[in-house]
Amino acid sequence: MTFRAPKGTDDILPPVSRTWRRLLLTWEDWAARYGYELVLTPLFEATEVFARGTGEGTEVVQKQMYTFEDKGGRSLTLRPEGTPSVVRAFLEAGADGILKAAYWGPMFRYERPQAGRRRQFYQIDVEYLGSREAAADAEVIELGYRYLIDASVPGLSVQINSIGDRECRPAYLEVLKEYLESRRDVLCDDSLLRLTTNPMRVLDCKICAPKLSDAPSPVDYLCDACTTHYGEVRSILRELGVPFEATPRLVRGLDYYERTAFEYVATDLKAAQNAVGGGGRYDGLAELLGGRPVPGVGFALGLDRIVLTLGDVEEPNPLDLYIIVTAGRRREALRFTSELRRSGIRADLDVESRSVKAQFRAADRRGAAGALVIGDEWSEGRVVAKDLASGHQEIIRIEEVEAWTRRL
RNA sequence: GUGACCGUAGCUCAGUUUGGUUAGAGCGCCGGGUUGUGGUCCCGGAGGUCGCGGGUUCGAAGCCCGUCGGUCACCCCA
């Protein structure tokens, strides 16, 4: 073995890739049902898009970006997340009104790999741009929930919170800082640093949080507008039948979030990285990128993590018919297989001219429902058709093959 | 960025304790047993620079150092 995939990246091959394919197909279905349209943006952007969008203060921007200079001297960065790109694209297109965007693809962050944390990882994303309404928040949260349930993620819990907006957060931060100053003695080194850079994140610290149970929560300092918004989001979610847990200590790691913040947690997952998705409202992001105000709310789901929660169940590569080629009938077999495929039957064959025995074995391993022998009977317009589950075999006319297959 | 554990066949692992001659098993893969018939069974085959580099030694998969990689946790987040 000479080359390996770079550290923290994965090759996704069968049979595991079958699960990925299924997850992506069902995702396309759910996105379409909720009226979200495909939006594709570049995998890299001007570094500034993330520096200003994702936020200079975030760990992601400070330590985790794959940044490089191209031959024209531009500083570019492989996207560590998708939201700033979509907002940038919306602004660049001069779009107005509402855009409901759905997409999926690889994201890149330079980190030490572990279970559920890769350097190239895959997200399923949704952005609802152009509305400040709580109904938009609720719809986005509902869509993610319905999809994850359909994907059968075990032990799913939806946790939501409101972290205030530009009106009320500054006052809350003052109160929080004051409180944290008074508890300096119990804070860990990291939290002492965060006290000045991003005090809300201290509430997220695994070491300190248990000792700070009496810390002020953002929800208790919301302005009237935020309180109303948060109340509406919750009441609509109840109306829609989406179970959730109000989690006052939930805080997000990206700077642009305000008001609604939420996470999808796979509580059954033993790995430390059990947040299978997360998101929130980002009404200020467009302005951070130098554009006009465009409100928005969205989520990102970690595909790799979803797959992780599903365990090692192997999915089949469904096949209706395996075509068995005998000596001298190769051309006929190729042509007939093509006809079957065009009529909607999942058919495959062996191009290696191996023994009939080997081909039957292959048919069995592929889990094909039936096998067809293209042999001497072909000259009379007939083929041997074998039901591989029962072992029953008969000679049928070529025109009957399609109907015979559908009965299997 | 910090720490712990681990690298032997495609996969899962034995062999390292006490260095000793040709490095093993199961599964998987390919072929034969039926020159047109799968799953079970029997037989055979392919496949390994023992992660890589250096050192100690008459001799290293095994001991020492380094390095790369993997896994998990911290941190961070999807």
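Naming: A, B, ... by sequence-line order, numbering from 1 per chain. Because the structure is a prediction, the values reported are computed rather than measured.
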| Hey, does the side chain of R109(A) come within less than 4.0 Å of C77(B)'s phosphate (OP1/OP2), counting only N and O? | no
What I want to check is whether an N or O donor and acceptor connect the side chain of Q114(A) with the base of G70(B) at under 3.5 Å. no
For D125(A), which contact category applies under a 4.0 Å heavy-atom criterion: base, sugar-phosphate, or nothing?
nothing
Open item on the list: Under 4.0 Å, heavy atoms only, any strand: does A272(A) hit a base, just the sugar-phosphate, or nothing?
Closed with: sugar-phosphate
message: Categorize R201(A) for me: base, sugar-phosphate, or nothing, with a 4.0 angstrom heavy-atom threshold over every strand shown.
response: sugar-phosphate
Crowding at CD, E394(A) (>12 non-hydrogen neighbours, <6.0 Å):
yes
Under 4.0 Å: is that the gap between some side-chain N or O of R354(A) and OP1 or OP2 of C29(B)?
no
Worksheet item: Any cation-pi pair here, R234(A) with Y230(A), using under 6.0 Å and within 45°?
Response: yes
Quick note, A358(A) side chain, CB onward, closest among G31(B), A78(B), U37(B) is G31(B)
Using a 4.0 Å heavy-atom cut-off across all strands, classify Q273(A) as base, sugar-phosphate, or nothing.
base
Answer for the Watson-Crick or wobble partner of C74(B), both distances under 3.5 Å, is G1(B)
In terms of heavy-atom contacts, Y147(A) and L23(A) come closest through OH-O, 2.8 Å
Heavy-atom donor-acceptor pair, Q393(A) side-chain to U37(B) base, under 3.5 Å
yes
Across the strands shown, which category fits E59(A) at heavy-atom distances under 4.0 angstrom: base, sugar-phosphate, nothing?
sugar-phosphate
Base, sugar-phosphate, or nothing: which does G278(A) touch, judged by heavy atoms less than 4.0 Å apart? sugar-phosphate
Note to self: What contact category does I324(A) fall into here, base, sugar-phosphate, or nothing, at under 4.0 angstrom with non-hydrogen atoms?
What the structure shows: nothing
If you compare every side-chain N and O of R118(A) against the phosphate oxygens of A78(B) (OP1, OP2), does one of them come in below 4.0 Å? no
| said: Does G82(A) reach a base, just sugar-phosphate, or nothing at all? Heavy atoms under 4.0 Å. | reply: nothing
Report which part of the nucleic acid V276(A) touches: base, sugar-phosphate, or nothing (heavy-atom distance under 4.0 Å, all strands). sugar-phosphate
Smallest heavy-atom separation, I396(A) atom then A385(A) atom, equals CD1-CB, 3.8 Å
Regarding the side chain of D376(A), the nearest nucleotide among A78(B), G36(B), G38(B) is G36(B)
Sticking with atom C1', work out how far G54(B) lies from G15(B), rounded to a whole angstrom.
25 Å
- Task: Examine the base of U34(B) for any acceptor or donor lying under 3.5 Å from a partner atom in the side chain of K357(A), and report the outcome as yes or no.
- Result: no
Is there a salt bridge (charged side-chain N to carboxylate O under 4.0 Å, His left out) between E111(A) and R117(A)? Walk through the geometry before answering. CA-CA 8 Å; E111(A) 305 188 80; R117(A) 196 175 74 181; 3.8 Å; yes
Taking A78(B), G38(B), U2(B) as options, the one with an atom nearest any side-chain atom of R112(A) is U2(B)
### Task
Give one of base, sugar-phosphate or nothing for A371(A), where a contact means two heavy atoms less than 4.0 Å apart.
nothing
Per atom distances to the R365(A) side chain, the nearest of A73(B), C29(B), C77(B) is C29(B)
Rounded to whole Å, the CG-P distance (D350(A) to G36(B)) equals 15 Å
E111(A) CD to C74(B) P, in whole Å, measures 13 Å
Ignoring backbone atoms, test whether R361(A) places a side-chain nitrogen or oxygen under 4.0 Å from the OP1 or OP2 oxygen of U37(B).
no
May I ask you to verify if any side-chain N or O of R119(A) is less than 4.0 angstrom from the OP1 or OP2 atom of G70(B)?
-> no
R146(A) meets the side chain to side chain contact (heavy atoms under 4.5 Å, CB included) criterion, sequence neighbours left out, with W30(A), Y34(A), E142(A), V242(A)
Quick note, P113(A) side chain, CB onward, closest among U37(B), U71(B), G1(B) is U71(B)
Using Watson-Crick geometry (N1-N3 plus N6-O4 or O6-N4) or G-U wobble (N1-O2, O6-N3), each under 3.5 Å, U16(B) is paired with none
Worksheet item: Base, sugar-phosphate alone, or nothing: which one does G391(A) contact when heavy atoms must sit under 4.0 Å apart?
Response: base
E380(A) atom CD is separated from G36(B) atom C1', nearest whole Å, by 14 Å
Practice prompt. Could you tell me whether K386(A) sits above the aromatic face of F360(A), with NZ or CZ closer than 6.0 angstrom to the six-membered ring centre and within 45 degrees of the axis?
Written response: yes
So, does S355(A) get its side chain near the phosphate of G31(B), meaning an N or O under 4.0 Å from OP1 or OP2? no
Winner on side-chain proximity to F360(A), out of G1(B), U37(B), G36(B), is U37(B)
For G69(B), the nucleotide meeting Watson-Crick or G-U wobble distances (both under 3.5 Å) is C6(B)
- request: Identify whether any heavy atom of K7(A) sits under 4.0 Å from a base atom; if not, whether one sits that close to sugar-phosphate; answer base, sugar-phosphate or nothing.
  value: sugar-phosphate
* Would you classify A389(A) as touching base, sugar-phosphate or nothing, given that sugar-phosphate means primed atoms plus P, OP1 and OP2, and contacts are heavy atoms under 4.0 Å? => base
Y322(A) meets the side-chain hydrogen bond (donor to acceptor under 3.5 Å, both in side chains) criterion, sequence neighbours left out, with none
TODO: Assign A271(A) to base, sugar-phosphate, or nothing according to its heavy-atom contacts below 4.0 angstrom with the strands shown.
DONE: sugar-phosphate
